[in-house]
Number of protein chains: 2
Amino acid sequence: MESISARTDTCASAPKAHPRPEGQDRYTISEVVAHSGLTAHTLRWYERIGLMPHVDRSHTGQRRFSNRDLDWLAFVGKLRLTGMPVADMVRYAELLREGDQTFAERQELLEATRRDVKTRIAELQGTLAVLDFKIDFYGGARAASEGV
Amino acid sequence: MESISARTDTCASAPKAHPRPEGQDRYTISEVVAHSGLTAHTLRWYERIGLMPHVDRSHTGQRRFSNRDLDWLAFVGKLRLTGMPVADMVRYAELLREGDQTFAERQELLEATRRDVKTRIAELQGTLAVLDFKIDFYGGARAASEGV
DNA sequence: TAGAACCTTGGAGTGCACTCCAGGCAAGCG
DNA sequence: CGCTTGCCTGGAGTGCACTCCAAGGTTCTA
């Protein structure tokens, strides 16, 4: 077994992985497209910019993604939802590649992200309150104009 | 008084308006910059694309924003937080300009936005769960490596 | 073994939301 | 009066995150 952090971190998004498109461990790019919802272009681009941790290749050079790659993509998808810039995700991927000595920095990055997410949730709830206020106004005005 | 919807909707973000930079009703662009956090460039751009409802001008052609404009900008800021595309906000502004017959469409737009916001909050909470899971792992591993 | 469907690359293009620039007008101050 | 500061315009530029293209190699099915 490798070191604790390198081993567990890339595939610890959830204790049990979700069901895979095929039960195997070598997926073509189009299988990953179907499973992840990303385009093939985007998957290749992610690899180019260093956001994928070394995708395996067939003997003729075609990509073969592993279950671990799918886990990583699922995690990246979560980070994308938070609005985190891709550059920051690349930074996190680099830290992973650098091994155990980046442990503390990775932890800090995740905690900063958690703080951001909580802030954004609070902002959205504030927005929700404003929307509710306005929608109530519309509802009330319509009721009034209908003589209710 | 004007019609119900035109009158109330542009300034109904909150029952009481927040304290204004000066107590007046004619602000220069730099005052609005200080109050809204937007740049002057962005304010002019908003006006150009139809996202501002007709900003008043001084006798020499300089912009003079009203309290109503500030209210509108605050609402736009809320919408921006939801990730709504600027084009959709422009659409809403157009509906406002068109008057009462767009009432139902405006209401529907706000309700669709509310649904989007709720979805996004749920997504973010899912992401938060993943982050918590990973952060717990980091905390646990560090505790273990310290012999705790 | 032919053809369709898939995969490869580097590099160029797209859409969004700003962001800035050049060149000029205007207002306040010593 | 000159100087600084603020504001005006149309149009060009920026950064991000893809998105697509051309030209060619590979894999699968009939």
Side-chain angles (χ1 to χ4, degrees), chain A residues 21-22 24 26-52 54-66 69 72-73 75-94 113 116 120 123, chain B residues 21-22 24 26-52 54-66 69 72-73 75-94 113 116 120 123:
Chain A
E22 330 285 327
Q24 314 232 346
R26 288 173 69 78
Y27 309 101
T28 64
I29 199 164
S30 61
E31 287 169 327
V32 179
V33 164
H35 183 252
S36 69
L38 298 167
T39 70
H41 297 302
T42 300
L43 289 168
R44 295 193 195 102
W45 178 67
Y46 277 3
E47 191 178 349
R48 250 193 304 194
I49 65 175
L51 188 50
M52 285 300 300
H54 221 88
V55 177
D56 200 18
R57 299 295 179 119
S58 74
H59 69 106
T60 54
Q62 297 196 351
R63 288 174 185 79
R64 293 294 178 261
F65 293 81
S66 67
D69 294 330
W72 171 249
L73 284 171
F75 179 56
V76 165
K78 291 288 183 192
L79 292 182
R80 222 159 38 100
L81 286 177
T82 71
M84 178 187 277
V86 167
D88 290 3
M89 299 184 216
V90 171
R91 175 76 187 132
Y92 186 77
E94 279 168 0
T113 304
D116 288 351
R120 172 144 294 127
E123 286 171 349
Chain B
E22 331 285 325
Q24 314 231 347
R26 288 174 68 79
Y27 309 101
T28 65
I29 199 165
S30 60
E31 287 169 327
V32 178
V33 164
H35 183 252
S36 68
L38 298 167
T39 70
H41 297 302
T42 301
L43 289 169
R44 295 194 195 101
W45 178 66
Y46 277 5
E47 191 179 347
R48 247 191 306 191
I49 65 176
L51 188 49
M52 285 300 300
H54 221 88
V55 178
D56 201 18
R57 298 296 179 118
S58 75
H59 69 106
T60 55
Q62 298 195 353
R63 288 173 184 80
R64 295 292 178 263
F65 293 81
S66 67
D69 293 331
W72 172 250
L73 283 171
F75 179 56
V76 165
K78 291 287 184 193
L79 292 182
R80 223 159 39 101
L81 286 177
T82 70
M84 178 188 276
V86 167
D88 290 3
M89 300 184 216
V90 171
R91 174 77 187 131
Y92 185 77
E94 278 168 0
T113 305
D116 288 351
R120 172 144 295 127
E123 287 171 348

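Throughout, protein chains are lettered first and strands after them, A, B, ... in sequence-line order, and every chain is numbered starting at 1.
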Original post:
Can B:Thr113 and B:Asp116 be counted as having a side-chain donor-acceptor contact under 3.5 angstrom?
Top reply: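 Absent: no donor and acceptor within the cut-off.
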Does [X] make a side-chain N or O approach to OP1 or OP2 of [N] shorter than 4.0 Å?
{"X": "B:His41", "N": "D:dA12", "value": "no"}
{"X": "A:Arg63", "N": "C:dC7", "value": "no"}
{"X": "B:Thr39", "N": "C:dC18", "value": "no"}
{"X": "A:Tyr46", "N": "D:dA17", "value": "no"}
{"X": "A:Arg80", "N": "D:dA17", "value": "no"}
{"X": "A:Thr42", "N": "D:dA17", "value": "no"}
{"X": "B:Thr28", "N": "D:dC7", "value": "yes"}

**OP:** Tell me what B:Arg48 touches on the nucleic acid: a base, only sugar-phosphate, or nothing, going by heavy atoms under 4.0 Å.
**Re:** base
Original post:
Which part of the nucleic acid, if any, lies within reach of B:Arg57 when heavy atoms closer than 4.0 Å are counted: base, sugar-phosphate only, or nothing?
Top reply: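 Contact class for B:Arg57: sugar-phosphate only.
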**OP:** With the side chain of A:Trp45 defined as its heavy atoms from C-beta on, choose the nearest nucleotide among C:dC21, D:dT19, C:dC18.
**Re:** D:dT19
Original post:
Side chain of A:Val86: nearest nucleotide among C:dT8, D:dA17, D:dC21?
Top reply: D:dA17
**OP:** Enter the distance from A:Met84:CE to A:Arg120:CZ here, rounded to the nearest 0.5 Å.
**Re:** 11.0 Å
Under 4.0 Å between a side-chain nitrogen and a carboxylate oxygen: does that hold for [X] and [Y]?
{"X": "B:Glu94", "Y": "B:Arg91", "value": "yes"}
{"X": "B:Glu123", "Y": "A:Lys78", "value": "no"}
{"X": "A:Asp56", "Y": "A:Arg63", "value": "no"}

Original post:
Once you round it to whole Å, what is the distance between C1' of C:dG10 and CD of A:Glu47?
Top reply: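 After rounding, the reported distance stands at 14 Å.
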Original post:
Given that B:Arg44 and B:Met84 both sit by DNA chain C, which one's nearest nucleotide is further toward the 5' end?
Top reply: B:Met84
Original post:
Pick the nucleotide of DNA chain D nearest each of A:Ala87 and A:Thr60; which residue has the one closer to the 5' end?
Top reply: A:Ala87
